[in-house]
Number of protein chains: 2
Amino acid sequence: MPKASRTFENLDEDKRKRVLDASMEEFAEHGFHQASVNRIVDRLGIAKGSIFKYFGTKEGLFRYVFERGVEVFGRRLRAVREATADADFFARLRAALMAGVEFIEAHPAVYRIYLKMLFQERFPLRETILAEVRAHSARYLTPMVEDAMRGGRLRPDLDVPAAVFVLDAVLDRFLQARAVEFMDAGLGLAGTDRAGLERAADACLAVLRAGLAGMGNGPAARNESQSTTATNAADVAENGQDGAC
Amino acid sequence: MPKASRTFENLDEDKRKRVLDASMEEFAEHGFHQASVNRIVDRLGIAKGSIFKYFGTKEGLFRYVFERGVEVFGRRLRAVREATADADFFARLRAALMAGVEFIEAHPAVYRIYLKMLFQERFPLRETILAEVRAHSARYLTPMVEDAMRGGRLRPDLDVPAAVFVLDAVLDRFLQARAVEFMDAGLGLAGTDRAGLERAADACLAVLRAGLAGMGNGPAARNESQSTTATNAADVAENGQDGAC
DNA sequence: ACATATGGTGACCGGGTGGTCATCACGATG
DNA sequence: CATCGTGATGACCACCCGGTCACCATATGT
């Protein structure tokens with residue numbers, strides 16, 4: 001068991017940021033086991049001993065670095081939820097989705113680490129983090145769906161857990177396809193610009209709204225989540241937390 | 001550059017199978033880099049030199065082992081597609097989904113390796129395999145959707161690429177949730193039995209069919225993919241390839 | 001001028017890795 | 001019996017890893 005001195009907190013902010021950024025990048029690129037403390041210190045130009053003075057262990061370094069990222073992400077999503085509390089259901093979905101896109105653009109390393117953790121057993125904090133994310137997702141989507149059903153915006157006979165599962169699957173995959181070109185099943189999400197992303201998001205949300213077989217799509221297609229409501233919600237989401245991102 | 005003798009092909013089948021199974025399990029558990037040839041040969045009780053005589057490289061071993069798995073999977077899916085060629089659209093989806101579930105149950109190691117490869121850069125064959133899978137998925141779903149639209153079973157104004165994306169997302173996630181408990185967003189897919197899986201699949205397909213907001217769901221809800229058609233299609237899928245699986 | 005404290009350093013350690021190769025065991029052939 | 005070919009073997013190699021620790025640089029207090 002190595003000593004866990006708290007020396008890192010006393011460092012000046014420039015150096016702290018440099019260390020965190022380099023470590024984050026290394027973990028994002030190589031996962032946990034394949035990441036190398038030697039490479040991190042080489043890239044930083046500091047001695048290996050320093051890292052172990054700061055964090056005690058490679059795992060300690062990872063915990064510190066990653067928890068930072070999760071903290072930032074949580075702050076952002078909470079802001080979006082609050083800001084769109086009284087908007088239309090699909091507008092809220094759209095806002096959450098675009099907030100996710102923006103977060104990935106701002107902090108690609110955090111998201112890449114998250115993706116690696118999903119399917120890589122033996123990752124420190126795996127159980128903790130993933131259970132947290134799952135709970136967060138359920139607590140985020142389920143009340144939104146239930147509210148919208150009470151408000152008559154969704155069909156009253158909707159199977160809520162199944163609907164939440166489908167929503168979660170599509171939203172998640174949308175972000176994954178943006179980040180990992182291979183997850184793209186035909187839409188060009190990985191390479192497109194913001195406008196293309198928004199068009200694709202609208203198309204997917206339209207499918208979710210009216211279904212594949214749903215007939216009589218007159219009203220469903222007309223008040224699609226576009227221009228007014230949706231853009232407004234996305235804008236509102238954008239200024240939620242500027243300092244942090 | 002190590003020699004690539006073809007000694008492995010001359011071995012008797014028992015030993016070949018033992019070697020392939022042990023290697024597959026090691027890669028499934030540890031991914032590629034973290035997998036250890038030492039552990040494989042220890043578990044097998046053979047000398048390390050033998051493995052390198054057979055496959056030349058750790059990467060050569062992986063290629064051989066994984067391509068075997070992909071081959072089996074492809075055979076299975078093609079059989080299902082043929083067997084359900086003239087069934088209802090959602091019944092075909094259901095059959096493909098349940099065939100995926102069965103494959104994962106029969107060959108969990110192959111699927112675990114595939115999941116690891118998705119988000120782990122620097123995996124041998126990553127580009128090749130994933131591009132193959134993506135192309136396969138697009139070629140599988142898109143014609144099914146287009147046929148169903150021509151036949152009037154899906155709304156005529158459906159955005160095909162978006163619909164395929166949504167379908168791909170939900171089907172994939174369904175299998176992932178079955179395999180990786182954390183991907184479960186509320187349905188209990190990871191721990192349930194076959195009947196529970198089928199119920200969940202029907203619920204998700206119902207959401208996909210009628211959408212979240214689709215009103216006038218009389219006909220959509222009534223001829224849901226249940227009992228008759230769906231079960232029939234799944235049965236048909238089951239006896240597609242017995243010898244291979 | 002000296003003592004103290006604090007952060008920084010990098011050679012070093014034990015261990016595990018992918019990969020090599022001289023050697024062996026053994027059956028078939030002359 | 002001798003020769004040959006083929007597969008099996010495991011000690012060995014160079015390399016990299018996470019982690020340690022005795023030592024150094026500097027600034028401050030007295």
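First the proteins, then the strands, lettered A, B, ... as listed; each starts at 1.
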Taking the minimum atom-to-atom distance to the side chain of [X], which one of [options] wins?
X	options	result
A:Ser36	C:dG8, D:dC17, C:dT17	D:dC17
A:Ser50	C:dG19, C:dA22, C:dT9	C:dT9
B:Lys15	D:dG18, C:dT17, D:dA8	D:dA8
A:Thr7	D:dA8, D:dG19, C:dG7	C:dG7

Please report the C-alpha distance between A:Glu132 and A:His136 in whole Å, then the side-chain angles of each, then the deciding distance to 0.1 Å, and finally whether the side chain to side chain donor-acceptor pair (under 3.5 Å) criterion is met.
CA-CA 6 Å; A:Glu132 231 174 76; A:His136 172 271; over 6 Å; no
Between B:Phe103 and B:His107, is the ring centroid distance below 6.0 Å?
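B:Phe103 vs B:His107: aromatic centres under 6.0 Å.
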Give a yes/no on whether any side-chain N or O of [X] is located under 4.0 angstrom from OP1 or OP2 of [N].
X	N	value
B:Tyr54	D:dG7	no
A:Asn38	D:dC17	yes
B:Asn10	D:dT6	no
A:Lys58	D:dG18	yes

Rounded to whole angstroms, how far apart are [atom1] on [X] and [atom2] on [N]?
X	N	atom1	atom2	answer
B:Lys53	C:dC21	NZ	C1'	8 Å
A:Leu61	D:dG19	CG	P	10 Å
B:Phe8	D:dA8	CZ	P	10 Å
A:Gln34	C:dG18	CD	C1'	12 Å
B:Phe52	C:dA22	CZ	P	17 Å

B:Phe32 six-ring centre to B:Lys58 NZ/CZ under 6.0 Å and within 45° of normal:
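Output yes; distance and angle both within limits.
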Strand-adjacent residues in residues 40-49 of chain A, judged by heavy atoms under 4.0 Å from DNA chain D:
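Contacting residues: A:Lys48, A:Gly49.
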Do the charged groups of [X] and [Y] touch, with an N to O distance under 4.0 Å?
X	Y	value
A:Asp21	A:Lys17	yes
A:Lys48	A:Asp42	no
A:Arg134	B:Glu181	no

Got a sec, which residues hit side-chain contact (heavy atoms from CB on, under 4.5 Å) with A:Val133, two or more places apart in sequence or on another chain?
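If we apply the side-chain contact (heavy atoms from CB on, under 4.5 Å) test to A:Val133, skipping adjacent residues, the hits are A:Tyr114, A:Ile129.
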